[in-house]
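Residue numbers start from 1 in every chain, and the chains themselves are labelled A, B, ... in the order their sequence lines are given, proteins ahead of strands.
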Protein chains: 2
Amino acid sequence: MTGTRAAETAARKVRLIAAATALAAEGGYEAVQMRDVAARAEVALGTLYRHYASKDQLLLAAMAQQAATLRERLVLRPPNGDTPSARVSDVLRRASRSLERSPLVTKAMLAAMSSAEEAAIPLKLEIDTTLRAIIADVVDEGHCTTFADLDGIVRVLGSVWFAELTYWSSGLNPSSSSMGDNLASAAQLLLG
Amino acid sequence: MTGTRAAETAARKVRLIAAATALAAEGGYEAVQMRDVAARAEVALGTLYRHYASKDQLLLAAMAQQAATLRERLVLRPPNGDTPSARVSDVLRRASRSLERSPLVTKAMLAAMSSAEEAAIPLKLEIDTTLRAIIADVVDEGHCTTFADLDGIVRVLGSVWFAELTYWSSGLNPSSSSMGDNLASAAQLLLG
DNA sequence: CGCGAACCTAGAACGTGTTGCAGGTGTGAC
DNA sequence: GTCACACCTGCAACACGTTCTAGGTTCGCG
C-alpha cells in the first residue's frame with residue numbers, strides 16, 4: 001500500500017507528533033493525554049511509548065521540530081534594521097508573535113521544557129541550540145560587528161528570551177508589558 | 001498542652017513545610033509525595049490539602065520562605081565590591097553557592113516554579129519579587145549610581161538568574177561553566 | 001448548656017502517566 | 001522454508017496527585 005515498513009513507521013511518528021500538537025492546540029498540556037494521542041494517531045499506546053519514552057519527550061520532539069521550522073522561516077525573511085540591536089529586536093518580536101499565536105501549544109511545549117527527566121536533556125539541548133542560533137544568526141549578520149564578548153551577549157539574550165517565555169506562559173507579566181517589548185529593551189541594553 | 005488551637009494549626013503548617021523540605025532534600029521533587037508529607041508531619045492527607053491546595057503550591061510556599069531567608073542573610077552580610085557590577089557578581093555568586101549546597105531541594109522548588117496552575121501565580125510573583133529585590137538592593141547600594149534604565153537592568157539580571165538556575169537544574173550547562181561565572185559575566189556586560 | 005462553624009482524621013475512590021504482558025505480523029538471514 | 005527478530009496491537013495493572021465521604025473534636029456565641 002503506502003510503502004515499505006520503515007516508511008510506515010516514519011509515518012506513524014509523524015502522526016504522533018501531529019496528534020500531540022493538535023491536542024495541545026485544543027486544550028493545552030493537560031489535554032495531551034497519552035491514550036488520546038495514541039488513539040488520534042491510530043496507534044497502540046505501547047507503540048507511542050516505543051517511539052517517545054514519555055509525554056514530555058513527545059512534546060519536546062514536537063517543539064524541536066517547531067523551533068527548526070521557526071528558524072527556517074526567519075532565515076527566509078531576513079530581519080529589518082541597520083544595527084544589530086534593531087535586527088535582534090525585530091526577529092525576537094516576530095518570533096514572539098508567532099509563538100503567541102498558538103498560546104496553548106506554546107505553553108504545552110514550555111511545560112515539557114521544564115521536565116526534569118535525564119533522558120530529555122539531549123532534546124532540550126537541541127532546542128536551546130536552535131533558539132540561540134536564531135539570535136546568533138542575526139546579531140552577526142554581515143559579520144560587520146565586533147563585540148568583545150559576543151558569545152556572552154548571545155547567551156544573555158537567550159536567557160532573557162527563555163525567561164520571558166516562561167513568565168508569559170505563567171501569566172506573570174503585568175498586562176502592560178509584552179514579551180516583544182521586554183526583549184527589545186534587553187537587546188537595546190546589550191547591543192545598543 | 002502546646003497552646004491554643006490557632007497555634008496548633010500554625011504549627012501544623014510549619015511541620016508540613018518542614019516535612020516537604022526534608023523529603024525534597026532526601027529524594028528531590030518525586031520524593032515529595034503528598035501521602036508521605038502528611039505522614040511525616042503527622043497530619044491527615046485532607047488537612048495537608050486544606051492548607052496547601054497542591055503539591056506545587058506546597059513547594060512554592062517553602063520556596064517563598066527560603067527566598068525571604070536568603071534575602072535576610074544577604075542583607076546582614078553586605079556585599080564586597082566597589083562597583084555595582086562587582087557587588088552584583090558577589091551576591092549572585094554567594095546566592096548560587098547557597099542554592100547549590102542543597103541541589104535536590106533547589107531542583108524540587110524550581111520544578112514547582114514551573115507549574116502552570118493559575119492558583120500558583122501569587123506565590124510565584126512573591127518569589128520573583130523577592131529575588132529581584134535581592135538584585136535591586138545591591139545594584140542600588142548607597143544610591144550612588146545612575147543608570148538610564150535601572151529597572152530594565154534589574155529585570156534582565158533577574159531573567160538571567162532564573163534561566164541559569166533552570167539550566168543548572170536540568171543539567172544543561174556544559175560542565176565547565178558554573179552559574180556563578182555566567183551570572184558574573186552577565187553583570188559585567190550590563191553594569192560594567 | 002446547646003449549636004453551628006471550622007477544623008481534623010481515616011480511608012476509599014478516581015484520573016492519568018507509565019509499565020508489563022500475551023499474542024499477532026512482516027522481514028531478512030541462512 | 002523457517003527461524004529469529006523487530007515491531008505492532010489490545011489490555012490489564014500500578015503509582016501518585018487529587019477529590020470525596022463520613023464522622024470526630026474544639027471553639028465561641030446565644
Interatomic distance where [atom1] belongs to [X] and [atom2] belongs to [N] [whole Å]:
{"X": "B:Leu58", "N": "D:dT18", "atom1": "CG", "atom2": "C1'", "result": "14 Å"}
{"X": "A:Glu8", "N": "D:dA6", "atom1": "CD", "atom2": "P", "result": "18 Å"}
{"X": "A:His51", "N": "D:dC7", "atom1": "NE2", "atom2": "P", "result": "8 Å"}
{"X": "A:Arg12", "N": "D:dC8", "atom1": "CZ", "atom2": "C1'", "result": "7 Å"}

| Proximity to DNA chain C (any heavy atom under 4.0 Å), residues of residues 17-32 of chain B only | none
| said: Please tell me whether B:Ile121 and A:Tyr29 are part of a single hydrophobic cluster in this structure, the criterion being side-chain heavy atoms less than 4.5 Å apart. | reply: no
| said: According to a hydrophobic-cluster definition based on side-chain heavy atoms being under 4.5 Å apart (Ile, Leu, Val, Met, Phe, Trp, Tyr only), do A:Trp161 and A:Met63 belong together? | reply: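 Yes; tracing contacts between hydrophobic side chains, which count when under 4.5 Å, links both residues.
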| field | Greater than 12 external heavy atoms within 6.0 Å of A:Glu26's CD | value | yes
| query | Near B:Glu100 CD, under 6.0 Å, is it more than 12 heavy atoms from other residues, nucleotides or ligands? | reply | yes
| message | Nearest heavy atom decides the nucleotide; on that basis, is B:Val43 or A:Lys55 closer to the 5' end of DNA chain C? | response | B:Val43
| task | Kindly indicate whether the side chain of B:Arg94, heavy atoms from C-beta on, has any atom under 4.5 Å from the side chain of B:Arg77. | result | yes
| message | What I'd like to find out is whether the side chain of A:Ser185 reaches to under 4.5 Å of the side chain of B:Asp149, using heavy atoms alone. | response |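 Heavy-atom side-chain distance check passes, below 4.5 Å.
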| Geometric cation-pi criterion A:Lys55 and A:Tyr49, 6.0 Å radius, 45° cone | no
| Ring geometry between A:Tyr167 and B:Phe162 (parallel below 30°, tilted from 30 to 60°, perpendicular above 60°) | tilted
| message | Quick check: on DNA chain D, is the nucleotide nearest A:Arg50 upstream (toward 5') of the one nearest A:Leu45, or the reverse? Name the residue that is more 5'. | response | A:Arg50
| request: Give one of base, sugar-phosphate or nothing for B:Arg35, where a contact means two heavy atoms less than 4.0 Å apart. | output: base
| Positional range of nucleotides in DNA chain C within the contact set of chain B, heavy-atom, under 4.0 Å | C:dC7 to C:dA13
